[in-house]
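Please read all numbers here as calculations on a predicted model, not as lab measurements.
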Amino acid sequence: MSELQIGDIVTGIYKTGKYIGELTEVRPQHYLVRVLGVLKHPMQGDLHNPKDADVLIFHERRALAFREQANIPKQMVKQFEGEIPDYQESLKEAMAKMKKDLEEAPSEWAEMSLKALAALEKDYKI
């Protein structure tokens with residue numbers, strides 16, 4: 001498989017979120033990707049203790065912003081085929097899917113995640 005090139009439209013997984021973006025720089029171990037859309041909103045809580053509500057700090061995790069750049073490991077970046085969605089609309093859809101998934105699997109972690117997402121929703125103005 002050939003290496004991706006600057007200007008390619010890609011998907012990238014950053015922490016627990018998945019994004020569509022434009023590759024802006026090729027680095028030895030990473031690609032620098034400019035975010036254009038959100039495919040999966042990041043999980044809430046502690047990254048080192050996923051789905052655990054009993055943690056010291058329950059982090060509110062924001063999605064990367066429109067045109068924000070992220071340094072993503074090369075193995076987490078793939079070519080994207082398809083139409084690039086509107087950022088705000090893709091964020092809204094990713095949030096709705098995450099909320100639906102959390103509501104279908106009730107737990108203390110899901111409850112805390114839903115509260116964090118409600119606060120983010122207000123902040124995102126969606």
Mind checking the OG1-CG spacing from Thr11 to Leu36? Nearest 0.5 Å is all I need.
-> 12.0 Å
Closest non-hydrogen contact found for Pro85 with Ser90 is CG-CB, 3.9 Å
Do you know which two heavy atoms are closest between Ala94 and Val38, and how far apart they sit?
-> CB-CG1, 3.7 Å
With rounding to the nearest 0.5 Å, note down the distance linking NZ in Lys15 to CE in Met43.
-> 14.0 Å
Looking only at non-hydrogen atoms, find the nearest pair between Asn71 and Tyr14 and report the distance.
-> O-CE1, 3.9 Å
Mark yes or no for whether Lys40, through its side chain, and Thr16, through its backbone, hold a donor-acceptor pair below 3.5 Å.
-> yes
With side chains defined as the heavy atoms from C-beta onward, is the minimum distance between Val10 and Tyr31 less than 4.5 Å?
-> no
Examine distances only and state if a side-chain atom of Gln88 and a backbone atom of Tyr124 form a donor-acceptor pair shorter than 3.5 Å.
-> yes
Around Lys97, counting heavy atoms of other residues, nucleotides and ligands shown, do more than 12 lie under 6.0 Å from its NZ?
-> no
Ignoring hydrogens and angles, tell me if any N or O in the side chain of Thr24 forms a donor-acceptor pair with the backbone of Leu32 under 3.5 Å.
-> yes
When rounded to the nearest 0.5 angstrom, what distance separates NZ in Lys99 from CG in Leu102?
-> 10.0 Å
Hey, is CD on Gln75 packed in by over 12 heavy atoms from elsewhere, all under 6.0 Å?
-> yes
Heavy-atom pair with the smallest gap, counting every atom of Phe58 and Ser113 = CZ-OG, 3.5 Å
Give, for atom CD of Gln79 and atom CG of Leu23, the distance between the pair rounded to the nearest 0.5 Å.
-> 9.0 Å
All heavy atoms of Tyr19 vs all of Leu64, minimum pair found to be OH-N, 3.1 Å
Quick one: salt bridge (Lys or Arg N to Asp or Glu O under 4.0 Å) partners of Glu104, sequence neighbours excluded?
-> Lys100
Enter the distance from Arg61:CZ to Leu120:CG here, rounded to the nearest 0.5 Å.
-> 11.0 Å
Could you give the distance from CD (Gln44) to NZ (Lys115), rounded to the nearest 0.5 Å?
-> 13.5 Å
Among Met98, Met112, Lys122, which one satisfies side chain to side chain contact (heavy atoms under 4.5 Å, CB included) with Leu117?
-> Met98
With sequence neighbours left out, the residues meeting side-chain contact (heavy atoms from CB on, under 4.5 Å) with Lys92 are Glu89, Ile126
